[in-house]
Structures are given as C-alpha cells and as structure tokens.
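Remember, predicted model here, so these are calculated numbers, not experimental data. Values reported hereafter were calculated over all heavy atoms of this structure, with side chains retained and with hydrogens, waters and symmetry mates removed.
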There are 2 protein chains.
Amino acid sequence: MNIGRAAEKSGLPPKTIRYYEEIALIRPARAENGYRDYSEDDVHRLRFLQRSRSLGFSVEECRTLLSLYQDDARASADVKAVALDKITEIDRKLAELKSLRGTLARLAEHCHGDQRPDCPIIDDLAGKRGA
Amino acid sequence: MNIGRAAEKSGLPPKTIRYYEEIALIRPARAENGYRDYSEDDVHRLRFLQRSRSLGFSVEECRTLLSLYQDDARASADVKAVALDKITEIDRKLAELKSLRGTLARLAEHCHGDQRPDCPIIDDLAGKRGA
DNA sequence: CATAAGGATTCCAGCAACTGTAAGGTCAAC
DNA sequence: GTTGACCTTACAGTTGCTGGAATCCTTATG
C-alpha cells in the first residue's frame with residue numbers, strides 16, 4: 001500500500017513516516033514506479049512506533065523497543081528495564097516541574113499585579129533575594 | 001570585562017552568552033581589539049536571563065521579561081500574567097507526564113521481567129489491548 | 001488524447017536553544 | 001619569541017519532525 005494509506009492506518013503523517021525511513025527505523029519495499037510499498041507488518045511497526053513515541057519514548061528508545069518487538073527470543077526483563085528507566089526519567093522531570101511551579105506560584109502570589117512597577121517576580125529574577 | 005569573566009559572574013557559558021547576543025537579547029560593547037566588553041549592567045541582565053531560563057521560561061518569554069525588567073514604568077500585572085501563563089503551561093505538562101507515568105507503571109507492573117519473551121509492555125505498544 | 005487534480009518522489013530549509021569544532025587573532029608571562 | 005590561555009568568527013550537529021519547492025506518476029474527466 002502507498003504511504004498515504006499507511007499514514008491513515010498508523011496514525012502518523014507521511015512526512016514522519018518518510019523521516020523514520022531516513023533514520024532507518026523502517027524499510028518498506030518499493031514499487032516499480034518508485035513509490036514506497038507498505039506491508040501489513042510495516043503498518044504494525046508504524047503503529048508500534050506511534051504508540052511508543054506517544055508514551056514519551058525517544059526515537060532511539062523506540063528503536064530499541066522495536067528491535068525487542070521483532071525479537072521472538074527477547075527477555076521481557078529487557079523491555080521492562082527500558083520502561084522502568086523511562087519512569088525514572090519521568091519522575092525526575094515531574095520533580096523539576098513541581099519545583100518550578102512552586103517557585104513561580106510563590107512569586108506570583110506575592111506580586112500584587114496592578115499598574116505599579118514594583119514587582120517581586122522581577123526582583124527575584126534580578127537576584128534581589130528576600131525582602 | 002571579557003566574556004569569560006561575565007560567564008563566571010552570570011553562571012552562563014560563553015557560548016550561550018554569544019548566542020544571546022546573536023539573537024539580540026544583549027548588546028555588549030566592544031573593546032578596541034574586538035573583544036566583547038561587558039558592563040556590570042550587562043552581567044545583571046545575563047544573570048536575569050540565567051535565572052529566568054532556569055525557571056523554565058522560553059527564550060522569547062525571557063525577552064519579554066527582560067524588557068519588563070528594564071522598563072521602570074512596567075505594570076507588575078504584566079509580569080504576573082507571564083508567570084501565571086507559565087504556571088498553566090507547567091500544569092499541563094505535569095498532567096501529561098503523570099498520565100504517561102501511570103500508563104508505563106501499569107504496564108511495567110504486569111510484566112514479570114524475566115528471561116521469557118512474553119511481555120505485556122510490548123503487547124500494548126503493538127496494539128494488542130486487554131488480555 | 002490532453003489535461004488537471006491528487007498523490008507520490010526528492011531535496012533543502014527551518015524550528016529551539018544551544019553545543020562542538022575548526023581556524024585564526026590577542027594578550028600576558030617566561 | 002614562544003607557549004598557553006582566552007578571544008574571535010563561522011559552520012555543523014543535536015532532536016524530531018514540519019513546510020516548501022520542483023518534479024513525477026496515476027487517475028478521472030472533457
């Protein structure tokens with residue numbers, strides 16, 4: 001099938017699919033006219049990529065997961081390790097965002113937010129601590 | 001002062017400082033030998049940028065904040081609005097990450113993580129729902 | 001049969017926010 | 001005078017696409 005149909009079926013835009021081929025994540029066949037020709041298996045792989053990307057895995061992680069997906073002799077422990085690493089990474093990001101949010105919320109809370117120039121947010125950004 | 005000293009004082013690498021000049025966030029003077037020459041005020045601006053970037057503001061938001069910083073007639077309401085927008089954005093990211101984390105944790109929990117190939121994580125990524 | 005629309009192809013540029021590298025200029029110390 | 005630290009510019013690379021231009025192929029219609 002052509003790339004447009006594969007795009008519909010996988011939920012990925014054609015541009016992205018071509019990009020995935022460029023970085024060697026998938027290798028579709030070519031028809032005689034030069035068009036890419038996707039098999040059902042290719043579409044499975046594309047959907048796999050779509051889902052794993054949407055779960056926050058990087059393209060390189062997706063490459064690993066895809067090779068595990070295609071490896072019938074894989075150990076589920078290997079897959080689990082990737083998932084747990086990602087959870088750790090997400091936890092780090094969550095902690096960082098929460099901390100940022102706390103700081104911003106505290107600053108905003110102390111800013112009267114009117115037409116006067118006096119502003120604790122700016123003061124903090126400028127390094128004028130406390131007060 | 002030279003860029004190296006300004007880097008030390010602001011906590012930003014020289015490369016980043018040059019980049020900020022390239023995108024017109026700061027405009028240091030030049031010495032006769034062509035070296036950038038930073039004033040104390042320049043360093044204040046750099047520290048301001050360092051702090052606001054580290055709080056998660058985009059470079060363009062930093063540009064806005066910096067102009068507010070340098071505007072003695074600013075309304076604190078304008079600053080507060082930027083901060084509140086950023087908090088909203090952080091909340092969105094937090095929700096997304098929490099959701100991802102939940103999905104991954106659920107998948108990992110059901111994966112026995114041993115030497116066998118059977119893996120609910122892969123099954124889910126492949127679209128085999130339920131089971 | 002011509003042609004126009006809709007898809008397909010390639011390649012190149014651009015987004016954010018830097019970072020790395022190369023090739024060279026300047027300055028202070030020995 | 002030469003070493004080494006520091007400065008300069010310019011260009012490439014990072015991540016993960018996305019948009020655009022020029023061209024080709026296929027299909028439907030007049």
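Identified under the salt bridge (Lys or Arg N to Asp or Glu O under 4.0 Å) test for residues 95-104 of chain A, with sequence neighbours left out: A/R101-B/D91. Residue pairs meeting the salt bridge (Lys or Arg N to Asp or Glu O under 4.0 Å) criterion with at least one member in residues 72-82 of chain A, sequence neighbours excluded, do not occur.
Using a distance-only test at 3.5 Å, with no hydrogens or angles considered, no donor-acceptor pair links the side chain of A/D37 to the main chain of A/A31. Here the side chain of A/R106 pairs no donor or acceptor atom with the backbone of A/H110 at under 3.5 angstrom. A/E22 contributes no side-chain N or O that, together with a main-chain N or O of A/Y19, makes up a donor-acceptor pair within less than 3.5 Å. A donor-acceptor pair under 3.5 Å is absent between the side-chain atoms of A/S99 and the main chain of A/A95, judged by distance alone. B/T16 places no side-chain N or O within donor-acceptor distance of the main-chain N or O of B/L12, the cut-off being under 3.5 Å.
Taking atom CZ of residue A/R53 and atom P of nucleotide D/dT15, one finds them 11 Å apart after rounding to whole Å. Atom CZ of A/R36 is separated from atom P of D/dC25 by 15 Å (rounded to the nearest Å). Summarising the geometry, the separation between CG on B/D37 and C1' on D/dT8 is reported as 15 Å, rounded to the nearest angstrom. Residue A/I3 contributes atom CD1, which lies 14 Å from atom C1' of D/dC17 at whole-angstrom precision. Distance, B/R30 CZ to D/dC7 C1': 10 Å, rounded to whole Å.
Looking at A/E8 and A/R5, a side-chain N of the basic residue comes within less than 4.0 Å of a carboxylate O on the acidic one, giving a salt bridge. Salt bridge absent: A/R116 and A/D118 never bring a charged side-chain N and a carboxylate O closer than 4.0 Å.
Listed by residue number, B/S58, B/V59 are the residues of residues 58-70 of chain B with a heavy-atom contact under 4.0 Å to DNA chain C. Interface residues of residues 9-29 of chain B facing DNA chain C, ordered by number: B/P13, B/K15, B/T16, B/Y19, B/Y20; criterion, heavy-atom separation under 4.0 Å.
Taking 4.0 angstrom as the limit, A/N33 places a side-chain polar atom (N or O) nearer than this to OP1 or OP2 of D/dT26.
Five base pairs at each end of the helix from C/dC1-D/dG30 to C/dC30-D/dG1 define two local axes, and these are offset by 40° (rounded to 10°).
Of the residues listed (A/R27, A/R30, A/K15), the one engaging A/E21 in a salt bridge (charged side-chain N to carboxylate O under 4.0 Å, His left out) is A/R30, and it is the only one.
Scanning DNA chain C 5' to 3' for nucleotides with an atom closer than 4.0 angstrom to a non-hydrogen atom of chain A gives a first and last hit of C/dG7 to C/dC11.
Here the CD1-OH distance, from B/I26 to B/Y20, works out to 9.0 Å after rounding to the nearest 0.5 Å.
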Does the pair A/D42 and A/R36 meet the rule for a salt bridge (charged side-chain N to carboxylate O under 4.0 Å, His left out), with working shown?
CA-CA 11 Å; A/D42 287 330; A/R36 290 168 179 83; over 6 Å; no
* Hey, mind stepping through B/Y38 and B/K9 against side-chain contact (heavy atoms from CB on, under 4.5 Å) and telling me if it holds? -> CA-CA 11 Å; B/Y38 295 89; B/K9 285 195 168 197; over 6 Å; no
